[in-house]
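Comments concern the structure below.
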Amino acid sequence: RPRVLSGIQPTSGSFHLGNYLGAVRQWVDLQETHDAFYMVVDLHAITVPQDPAVLRENTRVSVAQLLGVGLDPERCTLFVQSHVPEHAQLAWVMNCLTGFGEASRMTQFKDKSAKQGTDGTTVGLFTYPILQVADILLYQADQVPVGEDQRQHVELTRDLAERFNSRYGKTFTVPKAYIPKETAKIFDLQDPSAKMSKSASSPKGLISLLDDIKGSAKKFKSAVTDTDTVIAFDEKQKPGVSNLLSIYSAISGRSVPELVEHFEGKMYGALKTELADYYSEWVAPIQDRTRTYLDDPAELDRVLARGAEKARAVASPTLAETYERIGFLRPA
Ligand code: TYM
């Protein structure tokens, strides 16, 4: 079985629809066909300030939510990044292989550091993509299911894997990004030119899966569209409507052309109301399952302990081989 690996940050109380459609939904599918490793990346989370109690709680909620949307610890390896010390260890090696200019070209760093200012920007935020490289290479992943915004980090991973392999001999699998086009980028409901993101200017554009369902339905109903009335898929002329169609298609399993036909002759309001209703029905059982896992902390701990053990069984030999290749003296 080919191997997949991916991660998600525990930085808010809930995943948003962009996280789910762009990445996590693929994780659920891939656990059936691939040897799958998924993690909650708490080491990445601390690249920006975190309140300790909130971080701990958000990590639990993230794990419960991943189980709630359908990850099955019998079918995949689900763990917390800091439980596997090899991530930080391999990241150091990768740091020493990365050019300063190369790291400076990471667009997500440029965006995030611009928001934080020079003094608010940590060195950790700068080397964030290199920790991600280590995450992926430790498991010899073939594919990395992520949204479009992570493509550059996967490219960096490929570059560093190839660089290491050519310098020290074949050690790492060179991975590929796995990004289905239809949901590669989900947009903000209030500003369809921006990706849906927890740092968006208005909370009205963001659908978080664990939020109050009535509130989310309202957000769909007040989504920004355009002044035309025809429901059609056209990302340039009708980004707002196209985003709603993509979302509706992804959660309902009905194709975009089928939906366009279904809404022929109807107004935008019909699309928004129907999507709001469909979403409400769809998300309710996800919320219920997530709560069930959150109510059983002992079970959550068991899942994570087993996950960390399975992850380390793969990560540890990779790190040992890396250390060997670069010429570290083996401890006696
Ligand atoms: P994070 O936590 O920001 O996001 C998790 C996943 O959600 C995707 N995503 C989106 N997809 C489509 N539309 C959107 N609006 C949208 N917003 C977010 C992201 O692309 C991502 O796949 N650096 C990663 C976490 C990470 C990782 C890794 C991923 C750490 N190590 C190793 C893969 C492999 C991140 O911050 O994702």
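Just so you know, ligand 1 is whichever comes first in the structure, and atom 1 is the first atom listed for that ligand. Keep in mind that what you see is a predicted model, and the values were worked out from it rather than measured.
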message: Within the structure, is a non-hydrogen atom of Ala184 found at a distance of less than 4.0 Å from ligand 1?
response: yes
Quick note on ligand 1: atoms under 4.0 Å from a heavy atom of Val144 include exactly 33 (C), 34 (C)
Short version for Ile186: what comes under 4.0 Å of ligand 1, heavy atoms counted, is both
Quick note on ligand 1: atoms under 4.0 Å from a heavy atom of Leu5 include exactly 32 (C), 34 (C)
In ligand 1, the atoms that come under 4.0 Å of a heavy atom of Lys185 are 12 (C), 13 (N)
Atom 28 (C) of ligand 1 sits nearest the protein heavy atom Gln132 CG, 3.3 Å
task = State whether the shortest distance between N or O atoms of Gly147 and N or O atoms of ligand 1 falls below 3.5 angstrom.
result = yes
From the list Ile136, Leu30, Asp35, Thr33, side chain to side chain contact (heavy atoms under 4.5 Å, CB included) with Val4 holds only for Leu30
Quiz item: Below 4.0 angstrom, N of the basic side chain to O of the carboxylate: do Asp142 and Lys176 qualify?
Solution: no
May I ask whether Thr183 places a heavy atom under 4.0 Å from ligand 1? yes
Within 4.0 Å of some non-hydrogen atom of His44, the atoms of ligand 1 are 30 (C), 31 (N)
A student checking ligand 1 against Ile8 at a 4.0 Å heavy-atom cut-off should list atoms 2 (O), 5 (C)
Is the gap between the ring centers of Tyr128 and Phe109 under 6.0 Å?
no
Checking heavy atoms under 4.0 Å, the part of Gln81 that sits near ligand 1 is neither
Answer yes or no for Ser6: is there a heavy-atom contact with ligand 1 below 4.0 Å? yes
Within the 6.0 Å centroid threshold, strictly below: Trp27 and Phe15
no
Ion pair check, Glu299 and Arg302, cut-off under 4.0 Å: yes
Output field: ring centroids Phe100/Phe126 closer than 6.0 Å:
yes
### Query
Does a side-chain N-to-carboxylate-O contact under 4.0 Å join Lys195 and Asp149?
yes
From the list His153, Gln152, Glu148, side-chain hydrogen bond (donor to acceptor under 3.5 Å, both in side chains) with Gln150 holds only for His153
for atom 31 (N) of ligand 1, nearest protein heavy atom and its distance come out as Asp135 OD2, 2.6 Å
Say whether Gln108 and ligand 1 are in contact under the criterion: heavy-atom distance to a ligand atom below 4.0 Å.
no
Atoms of ligand 1 under 4.0 Å from any heavy atom of Gly22, numbered from 1 in the order shown, are 11 (N), 12 (C)
Q) Is it true that Glu155 and Arg151 have a side-chain N and a carboxylate O under 4.0 angstrom from each other? A) no
In ligand 1, the atoms that come under 4.0 Å of a heavy atom of Ile136 are 32 (C), 34 (C)
Short version for Val146: what comes under 4.0 Å of ligand 1, heavy atoms counted, is both
min-distance protein heavy atom vs atom 2 (O) of ligand 1 -> Gln9 N, 2.9 Å
Sorted by chain and number, sequence neighbours left out, side chain to side chain donor-acceptor pair (under 3.5 Å) with Glu324 holds for Arg330
Query raised in the report: Quick check, are the ring centers of Tyr139 and Tyr38 under 6.0 angstrom apart?
Result: no
In ligand 1, the atoms that come under 4.0 Å of a heavy atom of Tyr128 are 23 (N), 24 (C), 35 (C), 36 (O)
Q | Test: Glu32 and Arg1 ion pair at under 4.0 Å | A | no
Open item on the list: So, 4.0 Å and heavy atoms of Tyr20: is ligand 1 close enough to count as a contact?
Closed with: no
